[in-house]
Q: 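Before I ask anything, here is the structure I am working with.
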Amino acid sequence: MNIITPVLQARNISKIFPGVIALNEVNFNLLPGEIHGLMGENGAGKSTLIKCLTGVYSPDEGDVIYCDNRVFFSSPLESSKAGISTVYQEVNLIPTLSVAENICAGRQPLKKGIINWTFINAHAKELLAMLDVDIDVSASLSEYSTAIQQMVAIARGLDLEARVLILDEPTSSLDEEEARKLFAVIRKLKNDGMGIIFISHFLDQVYEICDRLTVLRNGEYIGEYEIGELSKHELIIKMLGKDLAQFEYRSSKNTVNKKSDKKTFYRVKGLSKRNGVLPFDLDLREGEVLGLGGLLGSGRTEIARLLFGIDKPTTGNASVWGLSGFIKNPKQAVDKSFGFCPEDRKVEGLIPDLTIRENIILALQVKHGLFKYLSVKKQKEIADMYIKLLKIKTPSSEVSVSKLSGGNQQKVIVARWLAANPKFLILDEPTRGIDVGAKVEIQKMILEFKDQGMSILFISSELDEVVRCSDRIAVLRDRHKIAELCGDDISSSTIMYTIANANTNASANTNANVSVNCNSGGQNEAEVES
Amino acid sequence: MNLRLLQFKSLKSYIPLFSTIAVFFAIYAMGAVLYGLNFISLRVFLNLFLDNAFVGVIAVGMTFVIISGGIDLSVASVVAFVCILAAKLMEVYNMNPFIVMIISLGFGAVLGTTMGSIIYFFKVPDFLVTLVGMFLCRGLAYMVDVRSIPIRNETFVNLNTIAIRFPGGARLPLVAIVFIVVWFMGIYLAHFTRFGRNIYAVGGDEKSANLMGIPVARTKILVYTMSSTFAALGGLLYANYTLSGYAAAVLGLELDAIAAVVIGGTLLTGGVGFVEGTMIGVLILGLIQTLISFQGTLSSWWTKIIIGLLIFWFILLQRFLSRTPKK
Ligand SMILES: Nc1ncnc2c1ncn2[C@@H]1O[C@H](COP(=O)(O)OP(=O)(O)OP(=O)(O)O)[C@@H](O)[C@H]1O
Ligand SMILES: [Mg+2]
């Protein structure tokens with residue numbers, strides 16, 4: 001065995017927050033030239049460890065050793081200057097600055113004392129090109145989707161001079177294709193001798209690129225393993241401390257194949273938005289989960305926004321519960337008992353300074369109207385129920401949401417919409433950043449609510465998940481609905497096949513070109529088609 | 001506009017700036033139509049720079065404070081204090097005017113750094129801290145002297161004679177030159193220095209800026225240092241412009257400065273703004289005043305009304321622009 005000295009080391013690090021022991025004597029060794037996976041459920045302490053290593057927090061106890069020296073970074077600035085390049089969990093960029101500037105901020109190249117903008121723009125383009133992203137780098141960051149923003153954050157982290165690269169859930173809003181590009185880049189960096197820490201809840205990705213793993217559970221150090229010596233199953237047991245509850249909930253899904261009597265309550269025809277989506281038809285039925293399958297940027301979120309009245313359609317018509325006419329704004333949607341759990345929890349979702357209870361209760365309170373005030377006791381009951389159901393890791397429901405780990409924040413926003421119990425719920429990437437255990441819980445709840453009659457529009461970048469939960473799947477490609485699958489046709493391979501073989505030149509104004517058509521609601525459908 | 005400046009942002013973000021420029025020309029054209037060649041003479045134009053020099057200098061500092069996400073209410077009091085202090089030191093204590101200038105600017109820098117540090121380290125809201133600064137300086141100004149002190153110091157008065165002269169009797173005196181120099185310094189700072197860009201980043205999202213390794217503490221504090229120093233410089237310009245010191249001078253000037261900043265396209269929420277725009281904003285304020293003085297019969301309060309309407313219009317414009325949906 002050859003002995004390589006670690007480039008970055010944590011020795012017996014402890015970090016205590018009020019009411020939570022986030023890290024308890026945790027050890028961690030990162031070797032040069034390896035990709036090291038840091039694993040654990042939501043709230044296990046992964047991000048806290050990263051922040052202790054890079055100077056965001058100072059550890060209460062223990063040492064950080066970097067290149068054989070004990071170091072005390074007092075800010076992210078210091079650690080990055082020392083050669084540790086970090087992409088923190090949430091996309092931490094400045095929305096008002098341009099993409100190029102976000103990539104270079106704080107270390108803009110100077111030429112004769114003035115910032116060299118030509119170089120900055122070129123440099124940003126170059127870094128993004130490594131990830132195969134080709135966008136206008138002079139536009140402000142806020143104009144781009146979460147996925148692109150994540151790519152920009154990663155590009156910022158790709159400092160070739162650095163000795164350590166830390167990626168805290170870099171792929172949470174990327175699709176497979178984009179993740180693959182990222183992996184190619186970090187493999188190359190690894191071969192150049194860089195030490196890379198990789199955090200993700202996607203086990204497949206972890207097994208694809210990591211060399212070694214360190215597992216944390218509840219702030220405790222569980223162990224360090226070679227990737228080869230630990231199967232996925234064993235890893236899950238190590239992370240959760242028990243076996244994963246199997247996905248046993250079977251709903252009425254398999255019966256949909258026969259003639260369905262589910263009632264269509266929301267029907268749109270030829271709906272489109274300029275620069276958003278090409279015209280599409282869609283029927284939403286009561287007690288059914290409709291999945292949207294497709295790659296990033298295929299128009300999934302755009303469809304959701306149109307259906308909820310956030311964006312105005314350019315063409316098309318719609319009828320909701322027998323009344324024809326669009327939903328013109330979110331207020332109307334809420335009045336019709338619709339709910340929308342948005343993709344970007346930071347911008348459109350949580351109110352960080354309110355407590356967990358207040359955040360969960362928000363949508364329910366709006367629905368009840370401001371004058372029917374729910375007693376605090378009742379609110380607490382509801383909040384505690386969801387904290388238990390979704391395993392939100394927190395000392396109490398009265399903690400402010402900003403204190404939760406990333407995945408637990410996501411659970412709160414899902415809880416908010418489930419608590420409101422709308423008739424129609426749009427879930428845009430509800431399981432982003434959520435660990436394997438809790439993901440299964442959320443999927444179960446989706447199916448339970450469906451069986452109680454809720455209609456759900458489910459969007460996720462993970463095809464498996466869409467496949468598992470949906471009764472019908474609308475397949476999208478390049479902002480165009482190309483097919484609708486149902487019953488036995490629902491499988492990852494059919495979706496991928498459909499996307500790959502769709503004829504892009506197909507006329508945009510018709511759905512006649514669907515490769516697998518769905519005729520579940522016989523009677524209903526015939527009416528519309530005539 | 002220099003094309004190099006336009007390079008790093010899409011055109012859309014410049015709409016507020018363009019509309020500010022358009023408003024400036026519209027008012028100018030209106031003056032030309034109403035009062036003919038007199039109004040558009042070079043002399044009247046250059047006077048704009050002289051009459052508004054102190055507001056302009058202060059507004060540059062205020063722009064950076066607002067871009068960083070803060071506000072500075074103390075500037076007018078700093079002007080009053082510095083100008084009466086300078087008058088007293090020169091007239092009563094016969095101090096050399098250059099030493100007086102250094103003392104004044106030094107006072108501004110210390111005051112600003114102190115306010116900035118309190119805001120950053122003790123997390124006290126910026127408007128409270130600068131409100132304290134505002135009362136403090138105004139109080140100090142009255143402590144120096146409650147009466148107005150005329151300035152007769154020869155060296156200081158003679159600074160007035162330094163000027164760029166143009167054919168036809170128009171001149172650009174030192175005070176106006178200082179204003180223009182500060183303006184260009186501001187533009188340089190905003191676009192071409194790391195410090196300037198860090199101000200935008202901190203104003204855009206302070207928490208992210210910290211995680212991105214931007215020196216948030218230094219940036220936030222220095223912004224106030226700069227604002228107070230520019231305010232002190234404004235005080236000196238004002239003293240030289242009026243040749244007197246008076247503790248009750250320039251009441252409410254901070255609001256004029258904020259108005260110029262807003263009209264210039266800077267968002268009060270921070271992260272977005274233009275020093276160029278602020279300067280046009282200052283000139284617009286000056287132009288409205290000139291227009292009303294040309295008219296002769298209207299009360300000067302009309303200036304305020306028109307400024308109010310303008311601010312309202314620009315706020316509406318910004319609302320409209322920031323509402324455009326994501327790509
Ligand atoms: N600033 C804070 N104040 C109080 N508690 C905190 C703070 N930051 C984190 N915690 C707590 O520390 C624990 C560990 O959080 P951490 O963010 O490290 O989890 P994580 O492993 O990154 O989880 P995830 O996968 O959800 O991102 C959580 O219980 C969280 O509530
Ligand atoms: Mg985390």
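Lettering follows sequence order; numbering is per chain, from 1. No experiment lies behind these values; they were computed from the predicted model shown. Because only heavy atoms are used, hydrogens play no part in the values below, and waters and symmetry mates are left out as well, while side chains stay in.
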Q: Taking all non-hydrogen atoms of both residues into account, name the closest pair between A:Thr96 and B:Gly271 and its distance.
A: OG1-O, 3.7 Å
Q: Please check if the number of heavy atoms outside B:Phe312 that lie under 6.0 Å from its CZ is greater than 12.
A: no
Q: Answer with side chain, backbone, both or neither: which region of B:Asn198 has an atom nearer than 4.5 Å to a non-hydrogen atom of chain A?
A: side chain
Q: For B:Tyr188, is it the side chain, the backbone, both or neither that has a heavy atom under 4.5 Å from a heavy atom of chain A?
A: side chain
Q: CZ of B:Arg218 to CG of A:Leu77: how many Å apart, nearest 0.5 Å?
A: 7.5 Å
Q: Quickly, which of A:Leu93, A:Ile94, A:Asn92 forms a side-chain contact (heavy atoms from CB on, under 4.5 Å) with B:Asp205? Name it, please.
A: A:Ile94
Q: Sort A:Arg107 into side chain, backbone, both or neither according to what part of it lies under 4.5 angstrom from a heavy atom of chain B.
A: backbone
Q: Out of curiosity, A:Ser80 OG to B:Leu211 CG, how far, rounded to the nearest 0.5 Å?
A: 11.0 Å
Q: Work out which heavy atom in B:His191 is nearest to a heavy atom in A:Trp117; give both atom names and the distance.
A: O-NE1, 2.8 Å
Q: Measure the spacing between CG of A:Asn102 and CE of B:Met212 and express it to the nearest 0.5 Å.
A: 4.5 Å
Q: For the residue pair A:Pro95 and B:Gly204, what are the closest heavy atoms and their distance?
A: CD-O, 4.4 Å
Q: Output the distance between atom SG (A:Cys104) and atom CZ (B:Arg194), rounded to the nearest 0.5 Å.
A: 10.0 Å
